[in-house]
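Start at 1 and go down the list; that is how both ligands and their atoms are numbered. This one's a predicted model, so the numbers in the text were calculated from it and none came from an experiment.
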Amino acid sequence: MRIALLGGTGDLGEGLAVRLASHTDHEVVIGSRDPDAAHDAADAYRATVADHGRDVKVTGFENAMATDRADVVVLAVPPYTVADTVDSVAGGLREGNVIVTPAAGMCRDDDGAHAHLPSAGSVTALVAEAAPAGVDVVGAFHSLPAGRLADLDAELGIDTLLVGDDDRAKRVVSGIVDDVDGLRALDAGELANAAEVESLTPLLLNVARQNDARDLGVSFR
Ligand SMILES: NC(=O)c1ccc[n+]([C@@H]2O[C@H](COP(=O)([O-])OP(=O)(O)OC[C@H]3O[C@@H](n4cnc5c(N)ncnc54)[C@H](OP(=O)(O)O)[C@@H]3O)[C@@H](O)[C@H]2O)c1
């Protein structure tokens, strides 16, 4: 499968790219608003994976070009940019494509991070509103710690929750997640449950801050 990571130059993009490239046979394409940045990031990620013994192809393009011919498109961009990012690549999206959104609506103050959901109800719902007809949206990866993903020597042993209205799309994303050693996908239900899933992100940030911990993930047992 061809997986485009839009905003793949950022922290989550890096973590997902090196794990997918190192653990799976999926084709990883880095997207950016700047094609040179995408190209440089792809080179850097490929070098990281090669240092860990796997020679893989990772390419980088401007977001719209990265989306072209992708099967799965991950919106690894800030929450307030998701709708504009979908609009900017809509011409390259085809029926049957799956958009994955890891963004959580959140604000911060002196007390910590707090869920701050858009009027659509969740960022996932916002993305679903922006997605062209025939393109399915899955909320996932919200609670994956980017730093731990990017460190290929780090053990994972963590879960990610999936929300969305289309079972086929959730199976596609679940299959990709389960291809990565140490990650497990759990179905958290329909898109209407996205707010609960997205709210896990500020919770994890607050627990990390209060306990002087970094890169926390969750494992449901
Ligand atoms: N970091 C984590 O541990 C983590 C974990 C789970 C979920 N998430 C979620 O995943 C998403 C990405 O997180 P991140 O930490 O990787 O974010 P980030 O580093 O702040 O941003 C990721 C990329 O988004 C692009 N970007 C920035 N401003 C933009 C704009 N106005 N329009 C379009 N693209 C823009 C940039 O790429 P270019 O400049 O190259 O276009 C940037 O490299 C966020 O929604 C976050 O909530 C993060």
| remark: Value for OG (S122) from CG (L191), rounded to nearest 0.5 Å, stands at 5.5 Å
| ligand 1 and A146, any nitrogen or oxygen pair closer than 3.5 angstrom? | yes
| query | Going by atom types only, do S32 and E62 share a side-chain donor-acceptor pair under 3.5 Å? | reply | no
| How about H39: does its NE2 atom have over 12 heavy atoms from other parts shown lying under 6.0 Å from it? | no
| remark: protein heavy-atom neighbour closest to atom 10 (O) of ligand 1 works out as L12 CD2, 3.4 Å
| request: Taking atom types as modelled, find out whether H23 and D179 have a side-chain donor-acceptor pair closer than 3.5 angstrom. | output: no
| V173 to A140 - nearest heavy-atom pair and separation | CG1-CB, 4.2 Å
| said: So that I can tick it off, tell me whether D71 and R2 are bridged by a salt bridge, with the cut-off set at under 4.0 angstrom between side-chain N and carboxylate O. | reply: no
| Looking at L144, which atoms of ligand 1 are within less than 4.0 Å of one of its heavy atoms? | 3 (O), 5 (C), 6 (C)
| To the nearest 0.5 Å, how far apart are OG in S88 and CZ in R33? | 9.5 Å
| task | Can you sort out which atoms of ligand 1 are near F141, meaning under 4.0 Å from one of its heavy atoms? | result | 6 (C), 7 (C)
| message | Considering non-hydrogen atoms of the protein only, which is the closest contact for atom 7 (C) of ligand 1, and what is the distance? | response | P102 O, 3.4 Å
| With a 4.0 Å cut-off, strictly under, does atom 20 (O) of ligand 1 pick up any protein heavy atom? | no
| task | Considering heavy atoms of the protein only, find what lies nearest to atom 24 (O) of ligand 1 and give residue, atom and distance to 0.1 Å. | result | P78 CD, 3.4 Å
| Shortest heavy-atom approach to atom 46 (C) of ligand 1 - which of A103, G7, G147 | A103
| task | Name the option, out of R148, R33, M106, that contains the heavy atom nearest to atom 29 (C) of ligand 1. | result | R33
| request: Could you check atom 18 (P) of ligand 1 against the protein and tell me its nearest heavy-atom contact, residue, atom and distance included? | output: G10 CA, 4.5 Å
| task | Considering only non-hydrogen protein atoms, determine which one is nearest to atom 15 (O) of ligand 1 and report residue, atom name and distance to 0.1 Å. | result | D11 CB, 3.8 Å
| task | For S32, take its heavy atoms, then give the atoms of ligand 1 lying under 4.0 Å from any of them. | result | 38 (P), 40 (O), 41 (O)
| query | Is the number of heavy atoms from other residues, nucleotides or ligands under 6.0 Å of M106 CE greater than 12? | reply | yes
| task | Give the atoms of ligand 1, by number and element, whose distance to some non-hydrogen atom of T85 is under 4.0 Å. | result | 33 (C)
| said: I need the L6 CG to N63 CG distance, nearest 0.5 Å. | reply: 4.5 Å
| For atom 12 (C) of ligand 1, which candidate among A104, G15, A76 provides the closest heavy atom? | A76
| query | Any chance the side chains of D153 and H52 put a donor and an acceptor closer than 3.5 Å? | reply | yes
| said: Looking only at protein heavy atoms, which one is nearest to atom 31 (N) of ligand 1, and what is the separation? | reply: T81 CG2, 3.3 Å
| query | Mind checking whether I30 and F61 have side chains closer than 4.5 Å, heavy atoms only? | reply | no
| task | Going by heavy-atom distance to atom 45 (O) of ligand 1, choose the closest among D34, V74, V77. | result | V77
| query | What is the nearest protein non-hydrogen atom to atom 42 (C) of ligand 1, stated with its residue, atom name and distance? | reply | T9 OG1, 3.8 Å
